[in-house]
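Reviewing the structure listed below.
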Amino acid sequence: MANPPWTRRHIISLSDFQPDEYDTVLQTAASFQEVLSRRTKKVPALQGQVVANLFFEPSTRTRSSFELAAKRLSADTLNFAPGSSSLTKGETILDTAKTYLAMGTDIMVVRHREAGVPLTIAQEMDRLQSRVGVFNAGDGQHEHPSQALLDLFTICTLIDEKPSLSLLADKKIAIVGDILHSRVARSNIWSLTASGAEVHLAGPPTLLPKLFAEFVTSSISAAQPQLARRLFLHWSLEPAIENADFVMTLRLQRERMTQHLLPSLREYHQQFGLTHDRLRSCRPAVKVLHPGPVNRGVEISSELMDDPTFSLISQQVTSGVAVRMALLYLMGSGKI
Ligand code: CP
């Protein structure tokens with residue numbers, strides 16, 4: 001049965017994403033992955049449209065991947081760099097967004113170190129009755145939807161070349177590390193629990209406080225009660241990764257830590273760092289993910305990161321282009 005038509009103008013959070021929306025993204029991304037395997041990797045889907053990358057915070061993967069995705073769809077792209085922009089002369093973020101609107105931008109891809117900025121821009125675009133779509137490319141500790149969707153696509157396509165959410169229904173997935181500061185973890189919690197997978201969070205108590213777990217659990221309980229049973233919390237690594245099919249490890253986000261939350265990086269690596277030895281308790285075919293950027297030797301050993309038998313890190317980056325093509329296409333093609 002065909003999925004219903006796409007109706008979302010903005011993508012700010014995965015908290016209210018529905019299973020058919022995940023499947024639409026996965027299936028559209030699979031068709032763009034096929035396009036990207038061709039000699040000519042470009043389609044005219046967004047010809048004449050303008051995609052503006054408004055990155056107020058540094059990025060390598062997400063910004064370049066959105067730019068390449070837009071170019072592969074034949075859109076015109078605008079890249080904004082805060083340091084050389086009129087922000088330095090006192091212009092506000094909303095006035096910056098309105099400037100890009102006035103130039104005919106169709107989709108704004110927004111990253112900011114403060115949670116809520118992409119939503120504020122989306123609300124302003126709606127208030128102005130523009131048809132601009134706003135994509136949250138990572139806002140503070142809140143969410144990073146395109147990262148979670150490319151993680152989902154990477155895992156699903158490993159299981160079956162026709163990706164769908166239900167492929168993860170019986171899987172155990174561990175998310176390890178600095179979950180407190182991680183927008184990637186938050187978005188992945190929504191998508192992976194929606195798939196029916198068991199999601200096990202593990203980190204030191206200071207980076208996974210009980211209050212946070214209660215927050216997540218209560219959010220999930222309120223939104224979709226059956227999901228609460230699929231989220232588990234551990235203050236040590238071993239129970240989280242035992243028999244896991246996938247282990248996602250996260251960077252320690254020291255730029256977001258306002259106090260000393262860890263004794264030392266060496267001790268953190270000893271307790272929560274992924275190594276070949278540590279993976280022995282997982283399923284034999286276990287795969288490791290990391291959203292990047294990686295601190296080699298802290299959250300993951302250099303040897304494991306570079307081992308293609310286990311590491312999906314390069315595939316995640318490759319998948320990112322197809323998934324972001326799908327997202328821009330869905331947001332831009334119908335001009336909702
Ligand atoms: N995963 C991720 O968001 O990486 P960048 O910060 O390089 O975009």
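Sequence positions, counted from 1, serve as the residue numbers for this chain. Side chains are part of it too, since the values below use all heavy atoms of this structure and drop only hydrogens, waters and symmetry mates. In listed order, ligands and their atoms are each counted from 1.
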- Task: At a heavy-atom distance under 4.0 Å, which protein residues reach ligand 1? Sort them by chain and number, would you?
- Result: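 Ligand 1 pocket, heavy atoms under 4.0 Å: Ser59, Thr60, Arg61, Thr62, Arg111, His144, Gln147, Pro291, Gly292.
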- Task: Run the numbers on Thr99 and Glu91 for side chain to side chain contact (heavy atoms under 4.5 Å, CB included), then give the verdict.
- Result: CA-CA 10 Å; Thr99 302; Glu91 187 164 68; 3.9 Å; yes
- Task: Compute both the distance and the angle, then confirm whether Arg324 meets the cation-pi test with Phe66: under 6.0 Å from the six-membered ring centre, within 45 degrees of the axis.
- Result: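 That pair qualifies as a cation-pi contact.
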- Task: Can you label the angle between the Phe232 ring and the His200 ring as parallel, tilted or perpendicular, going by 30° and 60°?
- Result: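 Parallel: the ring planes of Phe232 and His200 meet at under 30°.
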- From Lys162 NZ over to Asp23 CG, what is the distance, rounded to the nearest 0.5 angstrom?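 Lys162 atom NZ to Asp23 atom CG measures 13.5 Å (nearest 0.5 Å).
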- Are the charged groups of Arg296 and Asp306 less than 4.0 angstrom apart, N to O?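 Judged by the 4.0 Å cut-off on N to carboxylate O distance, Arg296 and Asp306 do form a salt bridge.
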- Query: Does a side chain donor of either Thr309 or Asp307 reach within less than 3.5 Å of an acceptor in the other side chain?
  - Reply: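 Asp307 and Thr309 do have a side-chain donor-acceptor pair below 3.5 Å.
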